[in-house]
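We use all heavy atoms of the structure for the numbers below, so side chains are in, but hydrogens, waters and symmetry mates are not.
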Amino acid sequence: MTRLPDPDRSRAVLIGTSTHAEGSGLPGLPAIGANLADLRQVLTDPATGSLPADHCITAADPATAGEVGTLLARAAAEATDLLFVYYGGHGLVDDRGRLHLALPHTDAADIRWTALPFETLREELLDSPAAIRVLVLDCCFSGRAIEAMTSGHSTVAGQIDVAGTYTLASTSANAVAYAPEGATHTAFTGALLAALRGPVALSLDDLFDEVRRDLAVRDMPRPQRRVVNNAGNLVLVRPPDPTAPRPAPATGQPASWTDPGASAPPRPLWHQGSVTALPKPRRPKAEIRVPPWAWLLLSFLAAGLIGWYWLYTQTHWDKGDLKEAVQQAAVELGEQSRFADTPLEALIAQLIDESGKGPQHGTTPSVTRVSEPDSGSNAGDYEVTSQGLAVCMHVTTTLKTPGNALLPATVDLDATVSDGACPTAGHPGADDGPSPSSTPSENS
């Protein structure tokens, strides 16, 4: 249900900065003066306004933040129903993302020490006993703060989140407040005044919708809002009496505000009349360029790596291939009987070479007998190595024909293969029995 504010318990503070010191880096905004005068006229109009004239304070081009603070603190303390605060001017953000409001002596290069911190204004709003607080920001970064507060991903999140507050901002996060050259008002405040002077008294929510539609038709930056605790049902002006003469605006502006540049060609978004200062440009992404000779060098390196890998596979044994070749040699050793004293190193190497498992241009693996349990037998452990790879062949013998003065004994061979080097084993001592796994066994 809509309602008007109680005029005796309500206060308004209108703050605006239209001029800046030379060398400040901020352009002047002549339209701000008309914004303040006409907004005060609408709010205190005897026929339609909701506030007495002495309850609406105007701070045009305040010299210091302290001057603003004194006026705002007094109004905030006195208001128990409505506290209405308006700011028009340059909105600036410091290097920590904190919002500041520009004053006449603000230096764009030294924001923190020369501008009004928004957090100070916010605290005055928060401390006020007013039931409803209406905050209107006609500056850039106000919309950015609203959007960030909603998403929760900005350092300015929460800066204008005040309980019982209706916040109305002139721009979205990535747009600037717009002051058409030659126009009496800034775009946002001009649309706000036109809606307030309309034939129907509008609630804050309806007022926002009307301003948004007006700006959209003229392709102006879209305003933003944030409502806490259903403050949107408040009405700022009373319905006009159709039989009473309509008071003229304070500046002689017609009730239906018209942008004189609406039919002109579109201007760049950032121009001298912008309500906000030009933010620092983003640093361009570094472009990495690779010189042609580097590509040629990379091509040679790639070709060299491919050639090296091919040569390596042609001259080096693969571990799996070496084990398969030794296993094949072990099978062939057991296919026929052999003399018990026949050296097996050369035979094993020959069988591995004949297996066809090795590299095309590789060398024959080395075969070394590392365990000799019986000097009269060729049983034992034979280690096969090639370029860092090792496989062990464990050979046992079974006596087939005993030896005599003319011929040595013949034996049947049985060989098993395992990965890695063979365990080192020497000849057994005098008191040691022969190795059980390598001792020749005689047929009974």
Side-chain angles (χ1 to χ4, degrees), residues 1-5 10 12-16 35 39 42-43 50 82-89 91 93 99 101 118-119 121-122 124-126 128 130-154 156-179 185-198 200-237 257 275-276:
M1 182 177 181
T2 60
R3 73 172 181 90
L4 285 162
S10 299
V13 180
L14 312 180
I15 310 164
N35 286 0
L39 187 56
V42 168
L43 293 176
S50 58
L82 168 67
L83 176 62
F84 181 95
V85 178
Y86 168 91
Y87 172 81
V93 174
L99 182 62
L101 308 178
F118 182 81
E119 181 63 21
L121 186 150
R122 177 185 178 274
E124 288 295 343
L125 291 174
L126 185 63
S128 173
I132 296 178
R133 307 160 183 92
V134 176
L135 173 62
V136 180
L137 299 177
D138 193 349
C139 65
C140 196
F141 301 113
S142 52
R144 177 184 176 188
I146 289 177
E147 183 180 86
M149 217 171 32
T150 303
S151 61
H153 296 292
S154 169
V156 295
Q159 287 191 15
I160 56 178
D161 189 7
V162 180
T165 298
Y166 195 99
T167 304
L168 191 57
S170 59
T171 67
S172 63
N174 299 316
V176 298
Y178 199 72
H185 305 104
T186 59
F188 169 73
T189 301
L192 179 64
L193 289 167
L196 289 171
R197 290 171 172 158
V200 179
L202 301 174
S203 67
L204 290 177
D205 285 335
D206 293 335
L207 187 67
F208 171 80
D209 293 337
E210 184 66 24
V211 171
R212 186 177 179 85
R213 278 193 296 269
D214 186 352
L215 294 174
V217 168
R218 293 183 285 124
D219 197 25
M220 296 289 185
R222 308 297 192 268
Q224 303 291 307
R225 68 176 165 187
R226 181 173 177 82
V227 186
V228 181
N229 290 353
N230 300 320
N233 293 329
L234 188 73
V235 177
L236 294 177
V237 295
W257 184 80
V275 173
T276 57

Legend entry - Closest non-hydrogen atom pair between S128 and R133, with its separation: O-NH2, 2.9 Å

Inset, instruction - Indicate yes or no: at least one non-hydrogen side-chain atom of V227 is less than 4.5 angstrom from one of D205. - result: yes

Inset, instruction - Could you tell me which non-hydrogen atom of S50 sits nearest to which non-hydrogen atom of L236, and how far apart they are? - result: OG-O, 2.6 Å

Legend entry - D209 and L202, any side-chain heavy atoms less than 4.5 Å apart: no

Inset, instruction - Would you give the length of the straight line joining atom OG1 of T167 to atom CG of L137, rounded to the nearest 0.5 angstrom? - result: 7.0 Å

Inset, instruction - Decide side chain to side chain contact (heavy atoms under 4.5 Å, CB included) for L204 and L168; before the verdict, give the C-alpha distance in whole Å, the side-chain angles of both, and the deciding distance to 0.1 Å. - result: CA-CA 9 Å; L204 290 177; L168 191 57; over 6 Å; no

Legend entry - Trace of the side chain to side chain contact (heavy atoms under 4.5 Å, CB included) decision for L83 with E124: CA-CA 10 Å; L83 176 62; E124 288 295 343; over 6 Å; no

Legend entry - R222 side-chain N/O to M220 backbone N/O, donor-acceptor pair under 3.5 Å: yes

Legend entry - Validation row: L234, P5 side chains within 4.5 angstrom (heavy atoms): yes

Legend entry - Non-hydrogen side-chain atoms of F84 and V136 separated by less than 4.5 Å: yes

Inset, instruction - Determine the minimum heavy-atom distance between A187 and L215, stating which atoms define it. - result: O-CD2, 3.6 Å

Inset, instruction - Evaluate the side chain to side chain contact (heavy atoms under 4.5 Å, CB included) criterion for residues L121 and L135: first the C-alpha distance (whole Å), next the side-chain angles of each, then the deciding distance (0.1 Å), finally the verdict. - result: CA-CA 10 Å; L121 186 150; L135 173 62; 4.0 Å; yes

Inset, instruction - Specify the closest pair of heavy atoms between F188 and A169, including all atoms of both residues, with the distance to one decimal. - result: CE1-O, 4.1 Å

Inset, instruction - Kindly give the heavy-atom pair with the smallest separation between E210 and A195, and that separation in Å. - result: CG-CB, 3.8 Å

Legend entry - Atom pair OH (Y86) and CG (L192), whose distance is rounded to the nearest 0.5 Å: 8.0 Å

Legend entry - Pairwise side-chain contact, F118 with Y87, heavy-atom cut-off 4.5 Å (strictly under): no

Inset, instruction - With the side chain counted from C-beta on, respond yes when R3 and N233 share a heavy-atom pair under 4.5 Å apart, and no when they do not. - result: no

Legend entry - Sequence-distant partners of A201, side-chain contact (heavy atoms from CB on, under 4.5 Å), two or more places apart: V235, P239

Legend entry - Nearest-0.5 Å distance, NE2 of residue H185 to CG of residue D138: 11.0 Å

Inset, instruction - Please confirm whether the backbone N or O of V42 pairs with a side-chain atom of R197, one donor and one acceptor, at under 3.5 Å? - result: no

